[in-house]
Amino acid sequence: MKLGIAADHGGYALKQILIERLSQKGFQVIDFGNHTLDVDDDYPDYVLPLAQAIARGEVERGIAVCGSGVGASIAANKVLGVRAALVHDHFSAHQGVEDDDMNLLCLGGRIIGIETATEIIFEFLNAKFTHAERHLRRLGKIELYIAAERK
Ligand code: RB5
């Protein structure tokens with residue numbers, strides 16, 4: 001699976017470790033930055049390009065890390081076709097994909113430890129959307145809302 005990853009200064013350290021771990025497991029990881037630790041950087045500069053790459057199908061899924069994960073999820077969800085969520089528990093990591101077709105996982109680099117983050121990411125990556133009728137119906141309602149809002 002081809003993955004994208006992005007982080008600001010709040011998530012930079014975690015991102016670097018995750019890239020190493022995911023690459024070791026055979027994932028192709030595209031790093032959308034930041035490529036250096038810059039305490040003055042802004043998460044939208046890295047998260048939005050990652051989200052756009054997901055929306056365009058250039059990467060299948062993404063991981064975005066900021067200090068809390070909140071800013072990353074707010075930014076990513078502005079991109080049409082991206083379904084991002086801040087997840088710090090194992091259950092939501094797989095159920096978010098199975099039920100809600102989540103394609104971008106957001107983490108708080110200042111909140112979560114590396115081992116828990118790694119396990120949560122593998123729950124996310126191993127999960128598949130069920131395509132159950134009720135889930136498609138719910139996602140369809142969100143798409144309808146977006147289409148109406150953008151008219
Ligand atoms: C940056 O200091 C911090 O605000 C950012 O990484 C993130 O936590 C925003 O949600």
| remark: Here the pair of heavy atoms bringing Cys66 nearest to Gly71 is SG-N, 3.8 Å
| message | As an exercise, state the distance from SG of Cys106 to OH of Tyr43, rounded to the nearest 0.5 Å. | response | 10.5 Å
| said: Please check: side-chain N/O of Asp41 versus main-chain N/O of Asp8, any donor-acceptor pairing under 3.5 Å? | reply: no
| Do side-chain atoms of Thr130 reach the backbone of Glu98 as a donor and acceptor pair under 3.5 angstrom? | yes
| Pair Asp99 + Arg134, salt bridge at N-O below 4.0 Å | no
| Are Ile30 and Leu3 close enough that some pair of their side-chain heavy atoms sits under 4.5 Å apart? | no
| Between atom CD of Glu119 and atom CD1 of Ile112, what is the distance when rounded to the nearest 0.5 Å? | 9.5 Å
| Is the backbone of Met102 close enough, under 3.5 Å, to the side chain of Asp100 for a donor and an acceptor to pair up by distance? | no
| Do Phe124 and Ile17 share a hydrophobic cluster, counting only Ile, Leu, Val, Met, Phe, Trp and Tyr and linking them when any side-chain heavy atoms are less than 4.5 Å apart? | yes
| note | Between Val65 and Gly109 the two heavy atoms that sit nearest each other are CG1-N, 3.5 Å
| query | How many angstroms lie between CD in Glu58 and CD1 in Ile54, if you round to the nearest 0.5 Å? | reply | 10.5 Å
| said: Whether the side chain of Ser73 engages the backbone of Gly69 through a donor-acceptor N/O pair (distance < 3.5 Å, no angle test) should be reported. | reply: yes
| query | What is the distance from atom CZ of Arg138 to atom CD of Glu133, rounded to the nearest 0.5 Å? | reply | 8.5 Å
| task | Answer yes or no: is there a donor N or O on one side and an acceptor on the other, between the side chain of Asn103 and the main chain of Ala55, under 3.5 Å? | result | no
| said: With a 3.5 Å distance limit and no angle check, can you tell me whether Ser92 reaches the backbone of Asp89 through a side-chain donor-acceptor pair? | reply: no
| His9: what forms a ring-ring contact (aromatic ring centres under 6.0 Å, His included) with it, not counting sequence neighbours? | none
| message | With rounding to the nearest 0.5 angstrom, report the CG to CG distance, Leu105 to Leu107. | response | 4.5 Å
| message | I'd like to know if the side chain of Asn34 and the backbone of Thr36 have a donor-acceptor N/O pair within less than 3.5 Å. | response | yes
| message | A side-chain contact here means heavy atoms from C-beta on lying under 4.5 Å apart; do Phe27 and Leu125 qualify? | response | yes
| query | Same cluster or not: are Ile120 and Ile5 linked, directly or through other Ile, Leu, Val, Met, Phe, Trp or Tyr residues, by side-chain heavy atoms under 4.5 angstrom apart? | reply | yes
| remark: Note: Ala6 and Lys15 closest approach over all heavy atoms is C-CD, 3.8 Å
| Phe32: what forms a ring-ring contact (aromatic ring centres under 6.0 Å, His included) with it, not counting sequence neighbours? | none
| request: Is it possible for you to say whether Ile146 and Val79 belong to one hydrophobic cluster, with membership spreading through side-chain heavy-atom contacts below 4.5 Å? | output: no
| message | Can a donor-acceptor pair be found, under 3.5 Å and without considering hydrogens, that links the side chain of Arg83 to the backbone of Asp101? | response | yes
| request: Would you indicate whether the side-chain heavy atoms of Gln28 and Met1 approach each other to under 4.5 Å? | output: no
| Least distance between heavy atoms, Ala51 atom then Val82 atom | O-CG2, 3.2 Å
| said: Using the rule that Ile, Leu, Val, Met, Phe, Trp and Tyr join whenever any side-chain heavy atoms are under 4.5 Å apart, tell me whether Leu136 and Ile142 fall into a single cluster. | reply: yes
| Below 4.5 Å, heavy atoms only, C-beta onward: do Asp31 and Gln16 meet side chain to side chain? | yes
| query | Taking the side chain as C-beta and beyond, is there a heavy-atom pair between His90 and Thr116 under 4.5 Å? | reply | yes
| query | Do the side chains of Ile74 and Ile111 join up, straight or via other hydrophobic residues, at under 4.5 Å, putting them in one cluster? | reply | no
| Gap separating the CG atom of Leu104 from the CD1 atom of Ile63, nearest 0.5 angstrom | 8.5 Å
| message | Run the side-chain contact (heavy atoms from CB on, under 4.5 Å) test against Thr118 and tell me which residues pass, sequence neighbours left out. | response | Leu18, Arg21, Ile114, Phe122
